[in-house]
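All figures in this text were calculated on a predicted structure; none of them were measured in a lab. Order of listing sets the numbers, starting from 1, for every ligand and every atom in it.
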Amino acid sequence: MANMGPYENVKENFSWSISEKELGYHNGEILNIGEYCTDRLCRMGKKDKLALIWEGFGGDVKKYTFNDMRLLTNSIAHFLKGLGLEPGDRICLFMDKVPELYFGFLGILKMGGIAQPLFSAFGSDSLITRLEDAKTAAVITQKKHLQKVRNIVPQMPYMKHIIVVDDDGSKPLKEREIAFHMDQAERIEHFDIYPSKAETPSVLHYTSGTTGKPKGAQHVHYSLIAQYITAKYVLDLQENDIYWCTADPGWVTGTSYGIIGPWVNGMTQCVLDSGFKAETWYKFIEKYKITVWYSAPTAIRSLMKDGDEIVKKHDLSSLRHLCSVGEPLNAEAVIWSKKVFGLPFLDTYWQTETGCIVISNYPGMTVKPGSMGKPFPGIDATVLDLKTYEPIKKPGIVGLIALKPGWPSMMRTYWNNEITYKSKFKNGWYICGDRSSIDEEGYFWFVGRDDDVINTGGHLVGPFEIESALLEHEAVAESAVVGKPDPVNMEVVKAFITLKPGFQASKDLDLAIMNFIRKRLSPLAMPQEIEFVDSLPKTRSGKIMRRVLRAKEWGEEIGDVSTLENDM
Ligand code: WT7
């Protein structure tokens with residue numbers, strides 16, 4: 001039986017206090033996510049239950065019980081404190097999906113630090129933008145990523161420590177660098193966990209917008225209340241489940257539902273630290289008898305592309321519940337998964353800023369393939385008129401997805417950027433920045449983003465960050481970056497570029513610019529296509545109109561161009 005009862009009943013009677021009660025939390029008390037995910041579970045008799053089954057790309061396997069996790073997160077917390085790091089310090093996790101990333105996250109929270117996870121494929125430019133904004137005090141990283149940190153160390157006087165988790169002495173460590181080996185560290189039985197309260201900052205996740213630099217969505221320990229109950233109801237996590245979240249903790253899915261949600265529910269989770277390959281993924285499910293699987297549309301479409309035959313070669317009968325997040329889950333993918341796995345992927349919708357699933361399909365609810373489902377009980381969601389910001393009463397009309405503020409895991413601000421944070425609210429609603437309609441039965445149907453942010457394979461990339469980096473290339477005079485359609489990744493980055501005098505468009509220059517961005521920012525931000533143009537469409541005030549370029553890529557109506565200065 002599913003954890004969540006019939007939707008309408010639950011919605012009617014829901015209150016976040018149900019979650020508080022189940023967690024034994026009372027208003028005003030100490031609340032520390034690190035404690036709740038480790039020590040509390042041990043006290044509840046789960047000491048010897050497996051918390052993490054980890055497999056590396058080379059096939060090596062590591063397993064940790066809840067007690068191992070309790071002790072190792074203590075060791076990390078103790079080590080960080082010993083370095084002089086203090087509560088409130090931002091501590092960045094810059095690693096592949098190794099156990100140290102997961103336990104480091106909880107260790108930081110246990111000593112009162114603010115965990116700042118960053119995607120390990122980021123290059124030095126992406127890194128410095130986010131570390132500079134947060135004035136990060138320490139980075140925990142791996143040897144293979146150390147050079148990217150070293151490149152920018154001179155620009156970071158506030159950075160006190162660079163902790164290397166797999167140092168083997170082959171490269172001498174430099175000033176400010178220090179080795180820490182989790183598996184060999186002393187296991188600390190008693191660590192004085194920082195007595196955080198509900199509103200104590202916990203996690204800082206950077207996300208991209210249309211304009212300006214990436215923004216740090218700042219979360220607090222109270223997010224646990226929402227992450228616990230959404231993981232329980234939507235992911236339907238139950239005692240004997242073996243859970244697999246394919247997301248990287250560099251992004252919010254990988255922390256809210258790849259660390260906090262499953263572990264506070266006492267789940268055994270599996271982590272696969274290797275790239276995407278259908279064969280590897282199916283083998284992983286088969287080997288560990290995964291029951292609940294949380295993934296993303298791009299991955300599902302990639303699996304679809306690899307065909308049904310390969311599915312049949314594996315015994316995937318352990319699977320019982322599948323969910324998806326990050327981008328629109330097309331109806332074909334839902335229908336295909338029903339056909340080959342016997343289970344539809346259930347779409348869930350949320351954001352870095354919301355901290356938890358806010359619109360979703362639920363076990364037992366009728367799935368309408370292509371729809372995102374209905375608001376989570378406890379979430380008041382609607383669509384607002386594009387101009388007046390008033391809730392749209394009529395079904396089927398496209399508006400802005402908006403949420404009534406006040407759920408536990410909502411970001412509390414953007415780090416250093418209260419102005420942008422405030423601009424996200426209109427008429428008492430939090431505006432998500434996406435467009436949707438709602439049908440007669442209350443199902444949300446996603447339409448698209450309301451800004452220029454590009455969603456590539458479930459990862460948001462800001463055009464501004466790419467355009468700024470492009471300007472650093474010697475050949476680039478001006479650029480405009482938009483998303484272009486892609487069958488697997490939904491969108492990929494396309495750059496329109498005007499060249500400086502003396503530079504000629506060529507295949508070589510094309511590749512050189514692509515690589516320039518890949519190295520500085522990340523493979524996600526790398527343009528998959530570059531079009532050299534003589535001029536870019538601009539408004540009379542000189543602002544580049546990405547909208548016009550984007551509409552062309554998507555074969556859409558260009559819309560109002562009355563302020564357009566030059567003809568395309
Ligand atoms: C944006 C948030 C939170 C998970 C990872 C992404 C898009 C998210 C869906 C969905 C259509 C979706 C939206 C949203 N998005 N889920 N089910 N259907 N679009 O977090 O990086 O903050 O991105 O991803 O545009 O605003 P994020």
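- Annotation for S324 and F345: closest pair CB-CD2, 4.0 Å, computed over non-hydrogen atoms.
- E327 and P297 get closest at one heavy-atom pair: O-CG, 3.3 Å.
- Protein heavy atom closest to atom 1 (C) of ligand 1, with residue, atom name and distance, is R449 NH1, 3.7 Å.
- The protein non-hydrogen atom at the shortest distance from atom 10 (C) of ligand 1 is E327 O, 3.4 Å.
- For ligand 1, the atoms sitting less than 4.0 Å from at least one non-hydrogen atom of M372 are 10 (C), 18 (N), numbered in the order shown with element in parentheses.
- Using modelled atom types and a 3.5 Å distance limit, the side chains of D308 and W336 yield a donor-acceptor pair.
- When atom types are taken as modelled, the side chain of S437 and the backbone of I397 share no donor-acceptor pair closer than 3.5 angstrom.
- Under the 3.5 Å distance criterion, with hydrogens and angles disregarded, a donor-acceptor pair is assigned to the side chains of E20 and Y222.
- For the residue pair Y257/T230, the side-chain donor-acceptor check at 3.5 Å is satisfied.
- Heavy atoms only, all atoms of each residue included: V98 and W54 are closest at CA-NE1, 3.7 Å.
- Not a single heavy atom of L329 sits closer than 4.0 Å to an atom of ligand 1.
- Counting atoms of ligand 1 from 1 in the listed order, those under 4.0 Å from a heavy atom of P328 are 11 (C), 18 (N), 19 (N).
- Residue contacts with ligand 1 for T354 are absent, since no atom lies close enough (heavy atoms, distance under 4.0 Å).
- Q351 and Y430 share a side-chain donor-acceptor pair at under 3.5 Å.
- At least one heavy atom of W350 sits closer than 4.0 Å to an atom of ligand 1.
- Close N/O approach between G326 and ligand 1 is found [any backbone or side-chain N/O within under 3.5 Å].
- In this model, no donor atom of one side chain and acceptor atom of the other lie less than 3.5 Å apart for D133 and W415.
- Of the protein's heavy atoms, D434 OD2, 2.5 Å lies nearest to atom 26 (O) of ligand 1.
- In the vicinity of N455, heavy-atom distances shorter than 4.0 Å reach the ligand 1 atoms 7 (C), 24 (O).
- Per-residue contacts place V252 under 4.0 angstrom from the following atoms of ligand 1 (heavy atoms of the residue considered): 3 (C).
- With ligand atoms numbered from 1 in the order given, ligand 1 contributes 10 (C), 16 (N), 17 (N) to contacts under 4.0 Å with heavy atoms of T348.
- For atom 22 (O) of ligand 1, the closest non-hydrogen atom on the protein side is T352 OG1, 2.5 Å.
- Protein heavy atom at the shortest distance from atom 5 (C) of ligand 1 is T253 OG1, 3.4 Å.
- Among protein heavy atoms, the minimum distance from atom 21 (O) of ligand 1 is reached at L460 CG, 3.4 Å.
- The nearest pair of heavy atoms linking V234 to S360 is CG1-OG, 3.2 Å.
- Using a 4.0 Å cutoff on heavy atoms, G433 does not count as a contact of ligand 1.
- The closest donor-acceptor contact from the side chain of R90 to the backbone of T136 lies at 3.5 Å or more, if one exists at all.
- Each of the following atoms of ligand 1 lies closer than 4.0 Å to a heavy atom of V325: 4 (C), 16 (N).
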